[in-house]
2 protein chains.
Amino acid sequence: MAKIATTVYEQIRTSILNGELSNAERLVEEDLALSLGISRTPVREALRRLAAEGLVDVSPNRGARVAEWDDHDLREIFDLRSILEAHAVELATPIASASEIEYLENICAEMEALALTDASSPDRIPGLAEKNRKFHGKIIEISNSSRLGALIETLVHVPIVMQTYKVYSPAALERSLRHHREIVNAMKAGDEVWASNVMRAHILAAREEILGGNN
Amino acid sequence: MAKIATTVYEQIRTSILNGELSNAERLVEEDLALSLGISRTPVREALRRLAAEGLVDVSPNRGARVAEWDDHDLREIFDLRSILEAHAVELATPIASASEIEYLENICAEMEALALTDASSPDRIPGLAEKNRKFHGKIIEISNSSRLGALIETLVHVPIVMQTYKVYSPAALERSLRHHREIVNAMKAGDEVWASNVMRAHILAAREEILGGNN
DNA sequence: TCGTACGAGATGGTATACAAGTCCAACGGA
DNA sequence: TCCGTTGGACTTGTATACCATCTCGTACGA
């Protein structure tokens, strides 16, 4: 029922995001098509879409490779995310409903509970990452600006890749969870300036955590 | 030499931007291919690219149509542009070279000269629009953040369409040119806060001008 | 009048073929 | 030995043909 191109797109995308495809690995249309048992056409479409999102690089007549990112890229991305997500929460705050606030609070609670569990649990990090995505995604959804959502979407991909490698320090994790709580509190108070500034701090802190503070 | 798909992409894009394609007009792959004397393959690719940029809407099995925008869309777009371009000039200000500043000043002078010419001249409005694009583009270039440039790029398309219909009032035009001058002055002074706030005001003013101030 | 079935028109995908571009490696000359 | 050239393998970009499937309007039938 689903379009094959979309399925392929998602497959390749998660493969990249999971790190199953090594850095700068070539993505040959025919190979992919063969291994997926389909023709080149939908593969091409999927690759173009991924290229538009910046997950793969394509050069004319040379095909597609998994994109690479350096510290400068990451810095750019977190900078922009901090600005756009701060704007999102600024828009969201005055129009968030009580039930939406409650939803965010529930995520906070779940993340806090998960943070306390055994550090060696295999579900812990993915679970936290997933709930984190939900938290940020919900705020963007509340902001009710489809284009803002689309812009952030394109920026979020790359950091996800890193998330699988970098593990937050306990202190950073705690700070992150406190930020979430504070954001919700600010929204509850209807203070969009407060909310947006915490959000910006939240993401810039994450940037330094990921960049290792060494640049 | 150039890829046909790219050529087609640009053709359709400028057709949309020039308003040569009426609103919500259907874009049938085979018709386009036939009229351009090429096959469906590159047309498909071009349409997908345009869809990724938001210039056309595609729905599964129903094909592509020229995208439509309402006031809400425009409001969103100008909001985001005001934020992102303000950020761009904030980044650009501390690192702009003297020659880059001079380049911007030249554009200011050219626009001012052009604004004084006969209002009935056919080149006046397109000339101003073109130089305006150059001005904003140069600042983004100076900011040296490729992703920021890419994000703004995707937002700039739609307002261009409107530019061809809406004509600035003389007062608005004058304000716009003064803003440009003030932005350059702020950059020259190395004051990125000043610069970014003028930029934000500049774009929000344009928004109200285009939306007619009636919402 | 309402529902349904039908058919025209398009898209999504497959298969195949080929020109042109890229890359690499072997070859040959300085 | 080193470097430039050549040639071919490998891909991409495009064309073409074909068909299943989907959409949508319409005419038919209950």
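Any value given below was found using the heavy atoms of this structure, including those in side chains, with hydrogens, waters and symmetry copies removed. Labels below follow one simple rule: chain letters A, B, ... track the order of the sequence lines, proteins then strands, and each chain is numbered from 1. All of these numbers come straight from a predicted model, not from anything done at the bench.
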Quick check on [N]: is either OP1 or OP2 less than 4.0 Å from any side-chain nitrogen or oxygen of [X]?
X: B:Arg48; N: C:dG12; answer: yes
X: A:Ser39; N: C:dT14; answer: yes
X: B:Arg40; N: D:dT16; answer: no

Quick one: [X] [atom1] to [N] [atom2], roughly how many Å, whole number?
X: A:Leu47; N: C:dG13; atom1: CG; atom2: C1'; value: 16 Å
X: A:Leu36; N: C:dT14; atom1: CG; atom2: C1'; value: 15 Å
X: A:Tyr9; N: C:dG12; atom1: OH; atom2: P; value: 17 Å
X: A:Asn61; N: C:dC23; atom1: CG; atom2: P; value: 9 Å
X: A:Arg44; N: C:dG12; atom1: CZ; atom2: P; value: 16 Å
X: A:Lys3; N: D:dC22; atom1: NZ; atom2: P; value: 13 Å
X: A:Ile4; N: D:dA20; atom1: CD1; atom2: P; value: 15 Å
X: B:Glu45; N: C:dG12; atom1: CD; atom2: P; value: 15 Å

Quick test of your reading of the model: are A:Glu10 and A:Arg13 salt-bridged, counting only N-O distances below 4.0 Å? no
Return the orientation label for the A:His180 and A:His202 ring planes: parallel under 30°, perpendicular over 60°, tilted otherwise. perpendicular
Checking salt bridge (charged side-chain N to carboxylate O under 4.0 Å, His left out) for the pair B:Arg200/B:Glu85: CA distance, chi angles, key distance, verdict? CA-CA 7 Å; B:Arg200 184 138 195 216; B:Glu85 293 212 33; over 6 Å; no
Taking atom OG1 of A:Thr7 and atom NZ of A:Lys3, what is their separation to the nearest 0.5 Å? 10.0 Å
Let me know, please, whether A:Arg62 or A:Ile38 comes out on the 5' side of the other along DNA chain C by nearest nucleotide. A:Ile38
